[in-house]
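A quick write-up on the structure given underneath.
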Protein chains: 2
Amino acid sequence: MSKPAWTAEPSTLLTVRPGFVLAAVDTSSTPGFSGGKKAGEAVLAATHETVNELQERLWAESVVGGRRSVLLVLQAMDTAGKGGIFEHVIAGISPEGLSVHAFKKPTPEELSHDFLWRVRRQLPQPGFIGAFDRSHYEDVLIARVRELVEPAVIERRYKQIRDFEAELVASGTTLVKVMLHIDADEQKARLADRLERPEKRWKFNPGDLDERALWPRYQEAYQLALINTSTADAPWFVVPADRKWYARIAVQRLLLETLRGLDPRWPAVDYDVEAQKARLDLS
Amino acid sequence: MSKPAWTAEPSTLLTVRPGFVLAAVDTSSTPGFSGGKKAGEAVLAATHETVNELQERLWAESVVGGRRSVLLVLQAMDTAGKGGIFEHVIAGISPEGLSVHAFKKPTPEELSHDFLWRVRRQLPQPGFIGAFDRSHYEDVLIARVRELVEPAVIERRYKQIRDFEAELVASGTTLVKVMLHIDADEQKARLADRLERPEKRWKFNPGDLDERALWPRYQEAYQLALINTSTADAPWFVVPADRKWYARIAVQRLLLETLRGLDPRWPAVDYDVEAQKARLDLS
């Protein structure tokens, strides 16, 4: 028997392409991975170091003028596991090469600007991996469901997002856009768990059930956002997330593949190594 | 034989008190820890989860109005291991509760303000652990050694720093100020290693040897800064750092003790749990 492992790349299996139907995704599936939970956890732990070394190379490249960066955009319904991705995947990355931002309800100042204004302020610097907990996509998700703006504005925003992301890609940022996808029953079980366990109760607020009541409208808003903003240069990946362990290794693998694709190299140095060794000897 | 472990707290053993003499510290010692490298690495790995849970409680507390935070200030001579602390200690903390900032050579804009201006902009929000790679202490270290300002200005800055930190403490931020301390021979060996290994060469630049030539003056500047700014509410800890594994568990332990001292609790909730369970059942 062979060791459980990736048999196909999530970047191929989970991509949103024309004709994609969110409702057809099996949220409990584990595409491309041949093992179960235990094997998945082993893969997660074993892969941190490789991700880290590639990130360090990306950072090193930036020290000598490289402009490349990576930006993970995480979107999901409540309880789908964004927090776990940060705690178990992103936490492995050296924090000095990492910039994380959680987008909350917009402040009055943020609302006084274009919806992309606050996002532009949080983009990763060269050499960094950025990670967004929610993002500019809220402005076509909750904004659509809650009718915060006119439908025509939402339609316009899809194009604004495509243009914005094309601009990011052109300036050296590789986007990894991930929707963690659970089904409504799984959310119910997870909310019940939050209510059951005293150390989880603070994560729940009654407004979560108001949002839950709008589940079908959110699914529709996601479907439209995914189809309208998944491009060749900045595709969306929909990660089945009923099994937390799978969602974690899938996101980790997407980051790993992205970094491998960038193939950052240790920079050549512009000083004379032997001359510096001689100076050091005398010091 | 008992399991290697902490036999006394680093917060007690490593504190800078009146009469402290930096030159008398044995940089290769491992105060308070009964084991060696292997035992230290096991402690490091085993303690991440406890630190994380305490950090999550601190964060949870802030969600219901708590104002407390922790700020690790890391200072050290070049190669002393700050990067390793970020990669092996801080990286264990969930990045959504963490704010990291590396202070570089001040920009013209930063120089146009008071030296504390740029530091105030990077303070941790309530519920966060902040970590500074270098800090406002550069303004009494390199500033003294390189004579960037008049001596009287340096003297004044000690008091400004004490006042600033007292203000932070009063507003709910617990400071953990750490100097990683290596000796000059250890630095020489580590610089030689950077020159030897191609994947490390980008970390070296010839200016590092100019700084090294000023070693005694830096030691003097550290001695003065430590003595003048170690207070009861915001003490300095000098961590022997020739053994990287020891420095890492010592800093981790200082953070752990700090968080335990804060003793953050899961917040009580202000909704009726049973009523929400009933609502969820119907959803």
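Chain letters run A, B, ... following the sequence lines, proteins first and then strands; every chain starts at 1.
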inquiry  = Using 0.5 Å steps for rounding, measure from the CD1 atom of A/I90 to the CG atom of B/L98.
reply    = 13.0 Å
message = Taking every non-hydrogen pair under 4.5 Å, which of B/V269, B/L209, B/I93 racks up the most with chain A?
response = B/L209
inquiry  = Please classify the contact between B/A192 and chain A as side chain, backbone, both or neither, with a heavy-atom cut-off of under 4.5 Å.
reply    = both
Using a plain distance cut of 3.5 Å, could you tabulate donor-acceptor pairs between chain A and chain B?
from: A/K188; atom 1: NZ; to: B/D281; atom 2: O; distance (Å): 3.1
from: A/K188; atom 1: NZ; to: B/S283; atom 2: O; distance (Å): 2.9
from: A/E196; atom 1: OE1; to: B/K277; atom 2: NZ; distance (Å): 3.1
from: A/E196; atom 1: OE2; to: B/K277; atom 2: NZ; distance (Å): 3.4
from: A/R201; atom 1: O; to: B/Y271; atom 2: OH; distance (Å): 2.9
from: A/P206; atom 1: O; to: B/R279; atom 2: NH1; distance (Å): 3.3
from: A/D210; atom 1: OD1; to: B/R279; atom 2: NH2; distance (Å): 2.7
from: A/R212; atom 1: NE; to: B/S283; atom 2: OG; distance (Å): 2.6
from: A/Y271; atom 1: OH; to: B/R201; atom 2: O; distance (Å): 2.8
from: A/K277; atom 1: NZ; to: B/E196; atom 2: OE1; distance (Å): 3.2
from: A/K277; atom 1: NZ; to: B/E196; atom 2: OE2; distance (Å): 3.4
from: A/R279; atom 1: NH1; to: B/P206; atom 2: O; distance (Å): 3.3
from: A/R279; atom 1: NH2; to: B/D210; atom 2: OD1; distance (Å): 2.7
from: A/D281; atom 1: O; to: B/K188; atom 2: NZ; distance (Å): 3.1
from: A/S283; atom 1: O; to: B/K188; atom 2: NZ; distance (Å): 2.9
from: A/S283; atom 1: OG; to: B/R212; atom 2: NE; distance (Å): 2.7

key: Best-contacting candidate, A/V64, A/V100, A/L191, A/L280, against chain B by heavy atom pairs under 4.5 angstrom   = A/L280
Region of A/A213 in contact with chain B, defined by heavy-atom distances below 4.5 Å = neither
